[in-house]
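Every number for a ligand or one of its atoms is a count from 1 in the order of the listing.
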Amino acid sequence: MVNLDKYSSIFIANWKLNGNSSFLKDYYEKLKVNSNNCTVICSPSVYLKSLKRNNENLFCGAQDVSAYKEGAYTGELSASMLKDNNIDFCLVGHSERRQYFSETNDNVNIKSSNLIEENIIPVICIGETLEQKENNLTEETLSSQIKDSVPNSAIHLNALIAYEPVWAIGTGLTPTLDEINQVHDLIKNFDTKFRSFKVLYGGSVKSSNSKEITELSQVDGCLIGGASLNVDEFNTIIS
Ligand code: PEP
């Protein structure tokens with residue numbers, strides 16, 4: 001399992017449903033991994049094996065995993081299959097999966113637990129919608145997502161939490177720096193067990209705001225969607 005304690009910052013690229021062979025070739029030729037940080041590329045699963053792991057701080061991440069371990073579940077990929085293919089990280093409970101694929105906290109909990117059993121680090125995504133934020137339900141929402149989707153087996157060494165306000169994903173909007181730091185502080189104080197967890201921020205991170213976000217005291221790195229598709233932009237973010 002990747003030694004998370006070794007890194008002060010972790011940057012995860014979430015390519016979502018984007019990319020093809022020529023995009024990958026160009027991207028991996030230009031990618032410049034900064035050896036002080038942990039960099040993870042979550043490409044679509046058919047391209048996971050294309051990542052040239054030519055730097056010990058560059059890792060492969062999946063965007064999802066099956067809640068099932070094996071059997072008659074057409075189209076699924078299990079945690080042990082990911083491990084068998086040297087995948088070290090896996091996003092779980094991304095808001096797009098919760099929204100478009102009916103993923104529940106219970107699914108996220110089972111998937112995360114299966115990943116931990118295989119020594120793969122689940123990146124457990126949580127975040128409030130705009131409506132929840134406007135109704136002052138951020139704390140309540142995050143608290144129940146954490147309680148129900150983080151498995152008992154998760155500790156700061158084998159799991160990551162990503163705070164991704166749903167209203168900030170792909171919109172160009174971000175919370176203020178104070179808000180980000182406060183919410184991360186809240187997450188780390190939900191329970192003593194979370195104090196040492198690394199918590200990443202995600203939602204419209206780009207090269208122009210990544211430095212100030214990453215420098216916040218309670219932020220341990222970023223999960224980057226749209227901006228990670230531009231390799232020059234991503235190189236600047238991780239530099
Ligand atoms: C994401 O998909 O996890 C994400 C943070 O997207 P974006 O950076 O495009 O807001």
Side-chain angles (χ1 to χ4, degrees), residues 9-19 23 27 31 37-45 47-48 59-65 87-103 105 107-108 111-112 115 121-130 132-133 138 141-142 145-146 149-150 159-177 179-181 183-184 187 197-214 216 218-239:
S9 291
I10 298 171
F11 295 98
I12 303 183
N14 175 17
W15 288 2
K16 314 189 187 198
L17 187 56
N18 294 292
F23 169 86
Y27 197 98
L31 181 64
N37 300 324
C38 171
T39 300
V40 184
I41 306 286
C42 299
S43 65
S45 50
Y47 299 120
L48 286 168
F59 301 96
C60 223
Q63 296 179 14
D64 187 33
V65 65
I87 311 303
D88 289 301
F89 292 82
C90 183
L91 305 181
V92 207
H94 189 283
S95 66
E96 286 153 14
R97 296 222 50 95
R98 292 180 189 260
Q99 187 180 350
Y100 305 128
F101 302 95
S102 312
E103 186 135 297
N105 287 333
N107 296 141
V108 177
K111 290 178 176 191
S112 301
L115 289 164
I121 295 175
V123 182
I124 303 169
C125 302
I126 57 170
E128 81 284 2
T129 62
L130 187 58
Q132 288 163 332
K133 178 181 166 63
T138 299
T141 306
L142 298 179
Q145 286 178 336
I146 289 223
S149 53
V150 178
L160 291 168
I161 292 174
Y163 168 55
E164 298 207 298
V166 179
W167 53 272
I169 297 182
T171 58
L173 303 172
T174 54
T176 64
L177 293 174
E179 281 172 333
I180 295 175
N181 214 33
V183 173
H184 281 229
I187 293 168
F197 263 68
K198 289 193 189 296
V199 181
L200 313 185
Y201 169 77
S204 295
V205 173
K206 36 192 186 290
S207 60
S208 56
N209 61 14
S210 58
K211 188 166 186 290
E212 56 191 12
I213 293 174
T214 314
L216 292 168
Q218 305 289 26
V219 173
D220 303 292
C222 294
L223 177 49
I224 306 120
S228 73
L229 291 169
N230 179 323
V231 68
D232 297 324
E233 175 86 358
F234 190 61
N235 279 338
T236 308
I237 293 171
I238 64 179
S239 66

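- For ligand 1, the protein residues placed under 4.0 Å by at least one non-hydrogen atom are Asn14, Lys16, His94, Glu164, Ala168, Ile169, Gly170, Gly202, Gly203, Ser204, Leu223, Ile224, Gly225, Gly226.
- Between the CD1 atom in Ile237 and the OG atom in Ser208 there is a gap of 8.5 Å [rounded to 0.5 Å].
- For Glu179, the salt bridge (Lys or Arg N to Asp or Glu O under 4.0 Å) test picks out Lys133, with sequence neighbours left out.
- A side-chain contact (heavy atoms from CB on, under 4.5 Å) with Cys38 holds for exactly one of Ile238, Leu160, Ile10; it is Ile10.
- Listed by chain and residue number, Arg53 satisfy the side-chain hydrogen bond (donor to acceptor under 3.5 Å, both in side chains) test with Asp88 (two or more places apart in sequence, or in another chain).
- In this structure, OG on Ser210 lies 8.0 Å from CD on Glu233, to the nearest 0.5 angstrom.
- Shown here are the side-chain hydrogen bond (donor to acceptor under 3.5 Å, both in side chains) partners of Lys206, two or more places apart in sequence or in another chain: there are none.
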